[in-house]
Chemist: 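My questions all concern the structure below.
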Amino acid sequence: MGIKGKNDRMVVLACEDCKERNYTTTKNKKNIKERLELNKYCPTCKKHTTHKETK
């Protein structure tokens, strides 16, 4: 169940380099069909890396 409404779903973002799951966010699955890909800070790698949505 999403936080904002029935179309919003929680997704987990994982670091591309170390595969650590660091962040959670919401996404509207009606509007955004593809997987999210954001640049975020990874505390394990200690640098900014690309984080992709996991299953």
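Worth knowing before you read on, the calculation uses all heavy atoms, side chains too, and leaves out hydrogens, waters and symmetry mates.
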Chemist: Let me confirm one number: the CZ-OG1 distance from Arg9 to Thr26, rounded to the nearest 0.5 Å.
Modeler: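 Interatomic distance, Arg9 CZ to Thr26 OG1, rounded to 0.5 Å: 11.0 Å.
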Chemist: List, one per line, each side-chain donor-acceptor pair under 3.5 Å for residues 28-36, sequence neighbours excluded.
Modeler:
| residue | atom | partner | partner atom | Å |
| --- | --- | --- | --- | --- |
| Asn28 | OD1 | Lys30 | N | 3.0 |
| Arg35 | NH1 | Glu53 | O | 3.1 |

Chemist: Using residues 12-24 as the side-chain source, report each donor-acceptor pair under 3.5 Å to any protein atom, sequence neighbours left out, with the distance given to one decimal.
Modeler:
| residue | atom | partner | partner atom | Å |
| --- | --- | --- | --- | --- |
| Lys19 | NZ | Glu16 | O | 3.0 |
| Asn22 | ND2 | His51 | NE2 | 3.1 |
| Tyr23 | OH | Tyr41 | O | 2.7 |

Chemist: Are more than 12 heavy atoms, taken from residues, nucleotides or ligands other than Lys27, located less than 6.0 Å from that residue's NZ atom?
Modeler: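 Count over threshold, so yes.
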Chemist: State which residues pass side-chain hydrogen bond (donor to acceptor under 3.5 Å, both in side chains) with Thr50; sequence neighbours excluded, sorted by chain then number.
Modeler: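 Here the qualifying residues are Asn39.
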